[in-house]
Amino acid sequence: MRIEQSFTVGAPPDRVWSLIRDPQVMVGCVPGCDGIEQIDETSYTAQVTVSVGPIKARFNLVIEITEEQAPTFIRTESRGEEGSRASMVKSVNEMRLAPVDDGTEVSYSADVEISGRLGRYGAGMMKKIATKLAGKFEESFRTLAEAPEEVVG
Amino acid sequence: MTTKTQDVTVTVNGAARTLACAGTTTLLTVLRDDLLLTGAKRGCNQGVCGACTVLIDGRPMRSCLTLAANLDGAEVTTVEGLAPRGELTRVQESLLKQNAVQCGFCTSGMVMVAHDLLQRSPDPDVEEVRDALSGNLCRCSGYRALVDAVIDAATGGAA
Amino acid sequence: MMAATFHKPATVDDAVRVLTDAGEGGRPISGGATLVAMMNAKLVEPDVLVSLSAIAELKDFGRAPDGTVRIGAMRRHRETAFESDLAGGQAVVAKAASQIANPPVRNMGTIGGSISFADPAADYPPALVAADATIEIAGPDGRRFVPAEEFFLGWYETAVEPGEIVTAVLLPPAPDRAVGHYEKLCRVAGDFALASVALVLALDGAGTVTHLRLAVGGCGGGPVRCPEAEALVVGAVPSAERIAALAERLVEDLDPVDDSRGSAEYRLQIVPRLIAKAFEEALTEMEPAR
């Protein structure tokens, strides 16, 4: 399934970029994420929990930055599975930043493949759930990016 | 009670049975694997097909969705317990007479819901019969004969 | 399947305590119609199961002197479907219960279990919103009450927090002479709804709408109600044109999915027809009294 969204943040692209490239910021903004560790220059591991009804799937993800043009474009590929391999996920993600009058327009897309127990919900439903999670990300990210810089540290 | 297996006393087809079952064991598993009552069938194991239907405290329910550990003190009737050994119920007689059995996999579940219907509504119309059987799937698609057979059982062949 | 510890507490407080102690691996189990199916498919593997079936309080049905009905969380769909005390506007809940799945599943499933699972296409959620129900939830800090409209948070998410259980559904008295109706479209008998419409409607002697609450199921993460759309009919005679205008406005708020039951587009097209049918049925039911 493909998810495409865009939102505007009241902060300049350079600042938005530095936040997006900060793993600790991402841990705070990605719903269900409780840790990101850098492996090398371009790869990370992350733990993300996705809950759908009574199913709670904790994914161990490997995220690879495959292309990067600071401060306007980043492309990542991630793949991962639950500890018990009950669900697997694979995605290709792109994010573009563009200056606009009142800050930065962030557009992103993700091509996601889910299989296993979470795959049972069907693509239509999973897309709605993913879009809802994306909305939560936007909200947290915007709050952080628009806060006075010294507070963010 | 907090142990990993429960001692549960259930009356099955009139006889009290004490069973040690794990928290997640279903009644269907107990019936088929422990008590060797294989009339109730394991079809979808999701409560959709109806092949595992039995009577619990007098009501048709899915044995595949019923945890055995939850049944202490309950009364269970399976297709084996509807009529004395070697005899058939009116519904079973009619199913035979109307050739309403093809592969037979859904039959025991159908018998249970039809039996229950006639207990509560001795003279049902076609709509009532269809509603009563609506939760039981027949992949041979013999629904017409099944409905006819239940009506026939109700009227004693007069219809 | 792994072995789970099985508990059968006799009180709500004990159930909440065991569930809270169990943490993430704990699950309350009521009728089993959904949870055991998911366990059989290995979609969920609880460590601790807390059966609610020995808690007498949860099996009660009662009516308070002010007309508020209290349906215990462990009431089976069959019991609610045949509850003769659910009349007038409150009958919308009984009518929804009567259309859930099939008779054997209605013998098992409970109202508390169904709304806690909160399938977006389930029958109770729109009916409870139309009936202006309140959900009673018990947790470590006691009971709290959440309006149905704030209970269903969308796509299997509810206001129930870990360690909490739904203990009852409360239905306020509907206005005098109100009628409740539930209209459901599904592909085959017993299936979840492609879409459904629940409404509670009351008219005055002149045939003017004095009360209307309408909610749509199966067309979003949770039931969808649109007061702005209802306002197009309230205070007026419910003509076909006004009902169509209501439907047109409400459809803007729907967010259906494409799935194996039908496309989102199809759902958007059938909802106005279900709304028209629901009004027709409710108005017909009122006729002898008017």
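A, B, ... follow the sequence lines: proteins, then strands. Residue 1 opens every chain.
Asn102(C) places no side-chain N or O within donor-acceptor distance of the main-chain N or O of Leu133(B), the cut-off being under 3.5 Å. Asn107(C) contributes a side-chain N or O that, together with a main-chain N or O of Pro60(B), makes up a donor-acceptor pair within less than 3.5 Å.
Smallest separation of non-hydrogen atoms from Met108(C) and Arg62(B): SD-N, 3.3 Å. Nearest heavy-atom pair across Gln46(B) and Ala41(C) is NE2-CB, 3.5 Å. Across all non-hydrogen atoms, the minimal contact from Asn45(B) to Asn40(C) is O-ND2, 2.9 Å. Among all heavy-atom pairs drawn from Leu67(B) and Met39(C), the shortest one is CD2-CE, 4.2 Å. Contact between Ser134(B) and Ala189(C) at its shortest, heavy atoms only, is CB-CB, 4.1 Å. Pairing each heavy atom of Ala33(C) with each of Leu65(B), the nearest pair is O-CD1, 3.4 Å.
Legend: residues meeting ring-ring contact (aromatic ring centres under 6.0 Å, His included) with His77(C), ordered by chain and number and at least two apart, are Tyr124(C).
Both the backbone and the side chain of Asp131(B) come within contact range of chain C, judged by heavy atoms closer than 4.5 Å.
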Discussion item. Thr26(B) vs Val36(C), test: side chain to side chain contact (heavy atoms under 4.5 Å, CB included). Steps then yes/no.
Written reply: CA-CA 8 Å; Thr26(B) 63; Val36(C) 179; 3.9 Å; yes
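Counted within 6.0 Å of CD on Glu75(B), heavy atoms from surrounding residues, nucleotides or ligands total 12 or fewer; the atom is thus considered open. Counting heavy-atom neighbours within 6.0 Å of Arg130(B) CZ, excluding the residue itself, gives a total of 12 or less. Remark: Lys59(C) NZ is packed, more than 12 non-hydrogen atoms of other residues, nucleotides or ligands lying under 6.0 Å away. Surrounding CZ of Arg187(C) are more than 12 heavy atoms belonging to other residues, nucleotides or ligands, all under 6.0 Å away. The number of heavy-atom neighbours closer than 6.0 Å to CZ of Arg120(B), taken from other residues, nucleotides and ligands shown, is above 12.
Counting only N and O atoms by type, the side chains of Asn70(B) and Ser51(C) include a donor and acceptor under 3.5 Å apart.
Residue Thr24(B) holds its OG1 atom at 9.0 Å from CD of Glu45(C), rounded to the nearest 0.5 Å. The structure places CZ of Arg59(B) at 11.0 Å from CZ of Arg76(C), a figure rounded to the nearest 0.5 Å. Separating the CE atom in Met61(B) from the CZ atom in Arg78(C) is a distance of 6.5 Å, to the nearest 0.5 Å.
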